[in-house]
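Structure first, then comments.
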Amino acid sequence: MRSLPAGDPGIPDSRSATRFLVWLANRSRPTLLAGIGLGVVWMVAQALAPAAIGKAIDAGLTARDPDALVTWGLVLLGLGVLQAVAGVLRHRCAVYNWLAAAYRTVQLTVEAANRLGATLPRRVAAGEVVSIGTSDIGQIGSAMEILARGSGAVVALVTITVILLTASLPLGLVVVLGVPVLMVTVALLIRPLHRRQRTYRDQEGRLTTRVGDIVRGLRVLRGVGGEQVVAARYRAESQALRAEGVRVARVDSLLAAVQILLPGLFLALVTWLGARFALRGEISAGQLVAFYGYTAFLVTPLRTITETVDQLTRGHVAARRVVDLLRLAPELTDPARPVPLPGGPGELADPGSGVVVRPGRLTALVAAEPADAVAITDRLGRYVDSDATLDGVPLRDVALATVRERILVADNDAYLFTGVLRAELDPHDVADDATITAALAAASATDIVAALPDGLDSPVAERGREFSGGQQQRLRLARALVADPEILLLVEPTSAVDAHTEARIASRLGPVRAGRTTLVCTTSPLVLRRADHVVVVEDGKVVAEGRHEDLLGTEPRYAATVSRGES
């Protein structure tokens, strides 16, 4: 994570999963403490009920005292009411703590993704981020929720132990010595469960990433006949994940069985000992009933404590994933002392390649290797550290927010998100209908909107699945034109459209961007003919510049590159 003041209560300490969980607990301290307090009252009220029953038997039934019987009956009723009220309030606090921890984790994940920006897909697989938002938040929320019941279970266990030691030292010692044995036995199962859960979580993240890759490239896979191969590979990995899940379930089921078996055996032991003591007259009938109630109740706190350890273990595994994401630092950071950019249009230059984008012009960048064009736009848009300058000022000395405001890079990796189309084209809600209509016309996308039932108010599915590849490309171009940045860098904006549509876009792009600086990375002659200036790049360096018609006759390398698209 970025170097930030660790004492800031709004910033999690990402040095360890444990500290992250502690940070989440501190953020919900009032409701967490209230839940713990109510959990203690709720569980102790249940623990004291057998004592009230025992007193009612000894003081009321055995002694034939109606007043004592009524008194202890009322005490038992009061404990029941107290338990019910505390249980309802505890559950309310527990649900709040679950939601607060889970969705605060989502907020942190989204903030980290926004902070990392273009660094995120290069450093973290998409499946990891998806798994945090789908499964890990539930485990972290459960770790916060279980604290109230776990604390109440511990206090109730201590309370019963004290009562048993006071009433019968041998029975009390059995509880004091038996509970640690039970917990150690459970701990022996928790460790392998923790290890297998971590392995399962890693495989789940990798498989989720593969699913995303398959969905994105499904059309291409079908086109090249690779669908069956990928499906077979996915099936094999899915079965491997299923097998790992079964391994986790085996330990989990064994743990669940132990949670029932061991407390049951413990209950039988204490009951047997209590009955022997009662037959010898060492304890009364009421105490025997109370002891049986204590031991029967002990099953609940013991299982709760075991569940607490299990949930905290699962939460720790999930928190480790979140911490790994929070630890990532963006490749680009703001300079210590940002330099302001001069006002007005300026010349954008990349010394590494020699590309110079002059203000107010439509410049085309032609590269024999598409990767060279992408690398240059990454430098000009400051998505990688470089010596690129704007109006003579190095971009690395300018605040990132300022660079993003002045320079927009639009490529074909951008997504269409779920929501209303109008908001998709104008995320900041600053453009009027005339601006959006003009951008759609320039991108030759008016027919797409006209075909929708509600026009601009129609919903867009996730990643724009209802649109073809060419339609998505035109809508992305329209979104970039609506933003109307001072400098717009377009990477192959017409690669997925037909020639007629491409010709319309080429003829309209210049007029709609009049007075603005535009760089188009393309090898299409239809677009190149409309460019004010063409820059030719080979092996990452500028080798020629000029008008399209002039370069066709004087630069064989340029002609060889663009002739493949000549109609």
- Note on the structure: CG of Leu326 to CD1 of Ile132, rounded to nearest 0.5 Å, is 8.0 Å
- Which heavy atom of Leu408 sits nearest a heavy atom of Pro485, and at what distance? CB-CG, 3.6 Å
- Heavy-atom donor-acceptor pair, Glu145 side chain to Ala94 backbone, under 3.5 Å: no
- Item | Between CZ on residue Arg19 and CH2 on residue Trp23, distance to nearest 0.5 Å | 15.0 Å
- Query: Between Arg149 and Arg90, is any pair of side-chain heavy atoms under 4.5 Å apart?
  - Reply: yes
- Message: Looking at Asp334 and Ala399, would you say the former's side chain and the latter's main chain have a donor-acceptor pair under 3.5 Å?
- Response: no
- State, with a plain yes or no, whether a side-chain heavy atom of Thr300 is found less than 4.5 Å away from one of Met43. yes
- Message: Is there a side chain to side chain contact (heavy atoms under 4.5 Å, CB included) between Leu32 and Asn26? Walk through the geometry before answering.
- Response: CA-CA 8 Å; Leu32 188 64; Asn26 286 332; over 6 Å; no
- Separation of Leu116 CG from Leu332 CG (nearest 0.5 Å): 11.0 Å
- Nearest heavy-atom neighbours spanning Arg115 and Pro330: NH1-CD, 3.4 Å
- So do the side chains of Leu452 and Asp457 get within less than 4.5 Å of each other, counting heavy atoms only? no
- Of the non-hydrogen atoms in Ala101 and Met144, which two are nearest, and what is the gap between them? CB-CG, 3.3 Å
- Quick one: closest heavy-atom pair of Ala414 and Arg479, and the distance? CB-NH2, 3.7 Å
- Message: Is any side-chain heavy atom of Val75 closer than 4.5 Å to one of Trp72?
- Response: yes
- Message: Tell me whether Asp429 at atom CG has more than 12 heavy atoms from other residues, nucleotides or ligands lying less than 6.0 Å away.
- Response: no
- Message: Check for me whether Arg404 meets the cation-pi criterion with Tyr383, that is, NZ or CZ under 6.0 Å from the six-membered ring centre and within 45 degrees of the ring axis.
- Response: yes
- Item | Pair Leu79-Gln83, side chain to side chain contact (heavy atoms under 4.5 Å, CB included): steps then yes or no | CA-CA 6 Å; Leu79 289 174; Gln83 172 194 344; over 6 Å; no
- Query: Got Leu38 and Trp42 here, is their nearest side-chain heavy-atom distance under 4.5 Å?
  - Reply: no
- Task: Looking only at non-hydrogen atoms, find the nearest pair between Leu475 and Leu416 and report the distance.
- Result: CD1-CD1, 4.2 Å
- Could you tell me the separation between the CG atom of Leu477 and the CG atom of Leu425, rounded to the nearest 0.5 Å? 11.0 Å
- Query: Can you tell me if Ser151 uses its side chain to pair, donor with acceptor, with the backbone of Ala148 under 3.5 Å?
  - Reply: no
- Message: Could you measure the distance from the CZ atom of Arg314 to the NE2 atom of His316? Nearest 0.5 Å is fine.
- Response: 15.0 Å
- Residue pair Asn97 / Ser28: nearest heavy atoms and the distance that separates them: OD1-CB, 4.0 Å
- Calculate, to the nearest 0.5 Å, the distance between atoms CD and CG belonging to Gln472 and Asn412 respectively. 10.0 Å
- Task: Name all residues meeting the salt bridge (charged side-chain N to carboxylate O under 4.0 Å, His left out) criterion together with Arg396; count only those two or more places apart in sequence or in a different chain, and write none if there are none.
- Result: Asp385, Asp387
- Message: Tell me which one of Val460, Ile436, Ile448 satisfies side chain to side chain contact (heavy atoms under 4.5 Å, CB included) with Leu421.
- Response: Val460
